[in-house]
Engineer: 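Here's a structure for you.
The chains referred to below are lettered A, B, ... by the order of the sequence lines, with proteins before strands, and numbering in each begins at 1.
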Number of protein chains: 2
Amino acid sequence: MESSHRNLTHQLVHDLGRKITEGIYSVGGRLPSEADLCVQFNISRTATREAVKMLTAKGLISSRPRQGITVADFKHWNLFDADVLNWILLGRPDLYLLRHFLQLRLAIEAEAAYLAAQNASEDDLINIENALIRMKDATTGQDDTHEADIEFHQSVISATNNPFFKQLINFITTALKVNIRFTNRMIAVTEDEYQAHVEIFEFIKNGNSQAAFDAAMVTQRATIALVDAQIVALENKS
Amino acid sequence: MESSHRNLTHQLVHDLGRKITEGIYSVGGRLPSEADLCVQFNISRTATREAVKMLTAKGLISSRPRQGITVADFKHWNLFDADVLNWILLGRPDLYLLRHFLQLRLAIEAEAAYLAAQNASEDDLINIENALIRMKDATTGQDDTHEADIEFHQSVISATNNPFFKQLINFITTALKVNIRFTNRMIAVTEDEYQAHVEIFEFIKNGNSQAAFDAAMVTQRATIALVDAQIVALENKS
DNA sequence: CAATAGTATTTATAATACAATTAAAGAAAT
DNA sequence: ATTTCTTTAATTGTATTATAAATACTATTG
């Protein structure tokens with residue numbers, strides 16, 4: 001169990017964060033007052049208030065005198081905060097949300113390939129190539145499939161040398177992990193998929209940004225199509 | 001002066017946030033200890049600690065016993081947090097950062113146009129059209145140029161009906177405001193620009209997602225080219 | 001020299017008291 | 001009855017003090 005965190009404050013942050021994102025405390029609704037939280041969790045008001053402040057900073061709640069602690073509207077949630085994202089995705093597995101997730105991932109990764117082709121340093125290229133080698137090994141079962149895949153995408157985004165894109169690496173990584181869980185593709189990377197990644201790498205290496213963009217786009221739209229198909233199948237069942 | 005915030009805790013958050021993003025406290029370096037902050041700002045340890053927790057939640061700092069409060073590595077900063085983003089952009093105007101910003105904006109807005117073409121509701125289309133009307137008025141000086149432009153982009157992103165994209169509206173808005181400040185285009189929207197936006201709208205309305213994507217992409221790359229030109233000019237001077 | 005124990009510094013937590021804010025109830029006025 | 005004002009009470013905001021826990025640094029010891 002990963003639930004035991006650094007300290008009392010962080011434990012409470014995690015606990016409430018999960019409950020909010022799971023909908024146990026629903027949007028617009030109220031959390032227990034500070035005093036109640038102290039009793040429920042048997043901790044001091046100091047620790048409680050610090051947890052409340054942290055969740056406020058992440059956009060999940062707001063607290064005002066006499067009104068108490070209310071769950072903020074979803075649009076205020078900091079979806080790009082690593083904690084918030086994990087709470088949402090790990091707690092509420094949902095194909096529709098996954099599709100929304102992948103749509104953003106597509107937007108980011110295609111342009112990342114474009115920018116990588118323009119800006120990748122020698123080291124960046126080596127990193128991408130190393131990930132490819134791991135993928136190759138994964139096709140024959142000698143390395144971990146997911147990790148190699150994740151490493152490839154991470155190294156491409158990193159090669160953009162754009163801080164905003166780099167910040168999204170965690171976001172993408174989480175997306176991939178959830179994606180893998182949902183599509184149940186625990187199987188090995190196929191030769192075709194490997195080749196598609198090699199192609200993207202070649203374009204990046206040659207500085208052919210538009211081709212890298214297009215190639216990444218094709219791969220991404222294919223992934224979304226997979227999820228769309230699953231959604232259609234699910235909707236036909238019901 | 002916008003510096004007087006809701007309460008002492010938030011004031012300190014704002015103050016330290018600005019100082020960190022401006023580099024007054026540099027990455028890897030240390031902030032004053034809790035005790036020192038109490039003295040410097042003449043507030044209680046309670047308020048100080050709460051501020052520290054909020055900044056920790058935003059990824060700007062980390063604090064550990066005996067070690068004190070240290071400025072976290074840039075990659076941990078929550079760039080998509082509205083506060084952090086504002087502190088960075090308003091405090092440190094930088095053409096290179098602006099370019100990085102626009103590169104991400106391009107990625108998001110092009111795909112947003114694509115998704116809007118697929119998912120826009122009747123209301124969404126009305127909102128976009130209203131923004132266009134404002135832009136038209138702006139070309140003849142009857143409405144505010146920036147606001148109309150911002151409203152257009154906001155309504156397109158909103159029409160994706162994708163929560164992740166919608167969360168980025170604030171991000172884009174900030175980008176546009178900074179962009180306007182930097183490029184000094186305080187002038188009216190030109191007829192050409194207006195027509196480009198109308199074109200995107202038409203594609204969205206007709207559900208022609210690929211065309212909407214391409215049209216948005218062209219507009220965005222043109223904007224980036226403008227900034228690139230400014231950067232080149234600047235580098236030639238020095 | 002290396003491992004160990006001790007020390008001091010800093011954050012973490014607790015407990016208590018009071019202040020400030022504000023929603024809701026009640027009173028007064030029209 | 002409706003509005004306006006006042007009061008009340010619930011809840012967060014701030015301050016203070018005390019103690020615990022964590023850990024970088026120092027000293028000791030074998």
Side-chain angles (χ1 to χ4, degrees), chain A residues 2-17 19-20 24-73 76-77 83, chain B residues 2-17 19-20 25-73 76 83:
Chain A
E2 236 270 87
S3 192
S4 60
H5 268 56
R6 285 216 308 277
N7 54 37
L8 294 182
T9 299
H10 284 250
Q11 258 174 260
L12 184 55
V13 166
H14 189 83
D15 196 291
L16 292 179
K19 283 178 179 161
I20 291 167
I24 292 173
Y25 296 119
S26 56
V27 165
R30 287 180 52 174
L31 265 69
S33 70
E34 283 179 4
D36 290 342
L37 288 173
C38 292
V39 174
Q40 279 182 36
F41 290 86
N42 193 35
I43 57 177
S44 73
R45 223 187 129 196
T46 310
T48 303
R49 278 185 61 80
E50 286 172 3
V52 166
K53 288 298 170 192
M54 293 192 82
L55 290 169
T56 302
K58 290 176 187 298
L60 291 186
I61 61 179
S62 72
S63 79
R64 283 167 53 200
R66 174 71 217 225
Q67 186 178 311
I69 306 164
T70 57
V71 179
D73 195 273
H76 293 121
W77 295 13
D83 288 330
Chain B
E2 235 271 87
S3 193
S4 62
H5 268 56
R6 284 218 304 280
N7 53 38
L8 295 182
T9 300
H10 284 248
Q11 259 174 260
L12 183 54
V13 166
H14 190 81
D15 197 290
L16 292 179
K19 283 179 179 162
I20 291 167
Y25 297 119
S26 56
V27 167
R30 286 178 55 173
L31 266 68
S33 70
E34 284 180 3
D36 290 342
L37 288 173
C38 292
V39 174
Q40 279 183 36
F41 290 86
N42 194 34
I43 57 178
S44 73
R45 228 190 120 197
T46 309
T48 304
R49 278 186 61 78
E50 286 173 3
V52 167
K53 288 299 171 190
M54 294 192 82
L55 290 169
T56 302
K58 291 176 186 299
L60 292 186
I61 61 179
S62 71
S63 78
R64 284 167 52 200
R66 176 68 219 229
Q67 185 177 308
I69 305 164
T70 57
V71 179
D73 194 273
H76 293 121
D83 289 330

Engineer: Under 3.5 Å, is there a donor-acceptor pair between the side chain of B:Arg64 and the main chain of B:Thr70?
Structural biologist: no
Engineer: Given atom CG of B:Asp36 and atom C1' of C:dT10, what is their separation to the nearest angstrom?
Structural biologist: 11 Å
Engineer: Quick check: closest heavy atoms across B:Leu8 and B:Ala47, and the distance to 0.1 Å?
Structural biologist: CB-CB, 4.5 Å
Engineer: Enumerate all atom pairs, one protein N or O and one N or O from nucleotides 12-15 of chain C, separated by less than 3.5 Å.
Structural biologist:
unit_1 : atom_1 : unit_2  : atom_2 : d
C:dA12 : OP2    : B:Arg49 : NH1    : 2.9
C:dA12 : OP2    : B:Arg49 : NH2    : 3.1
C:dA12 : N7     : B:Arg45 : NH2    : 2.9
C:dA12 : N6     : B:Arg45 : NH1    : 3.2
C:dT13 : OP1    : A:Leu8  : N      : 2.6
C:dT13 : OP2    : A:Thr9  : OG1    : 2.9
C:dA14 : OP2    : A:Ser44 : N      : 2.7
C:dA14 : OP2    : A:Ser44 : OG     : 2.8
C:dA14 : N7     : A:Thr46 : OG1    : 3.0

Engineer: For side-chain contact (heavy atoms from CB on, under 4.5 Å), just list the numbers for B:Leu16 and B:Tyr25, CA-CA rounded to whole Å, side-chain angles, deciding distance to a tenth of an Å, and then say yes or no.
Structural biologist: CA-CA 9 Å; B:Leu16 292 179; B:Tyr25 297 119; 4.0 Å; yes
Engineer: Would you tell me if any nitrogen or oxygen in the side chain of B:Gln67 comes within less than 4.0 Å of OP1 or OP2 on C:dT10?
Structural biologist: no
Engineer: Identify which one of A:Leu60, A:Leu12, A:Ile69 satisfies the side-chain contact (heavy atoms from CB on, under 4.5 Å) criterion when paired with A:Leu55.
Structural biologist: A:Leu60
Engineer: Without decimals, in angstroms, what is the distance between A:Arg30 CZ and D:dT11 C1'?
Structural biologist: 8 Å
Engineer: Any idea which heavy atoms bring A:Val52 and A:Ile61 closest together, and the distance?
Structural biologist: O-CD1, 3.5 Å
Engineer: Restricting to non-hydrogen atoms, name the atom on A:Arg30 and the atom on A:Gln67 that form the minimum distance, rounded to 0.1 Å.
Structural biologist: CZ-O, 3.0 Å
Engineer: In whole angstrom, what separates B:Phe41's CZ from D:dA15's P?
Structural biologist: 13 Å
Engineer: I'd like to know if A:Arg66 reaches the base of D:dA10 with its side chain, counting only an N/O donor and acceptor under 3.5 Å.
Structural biologist: no
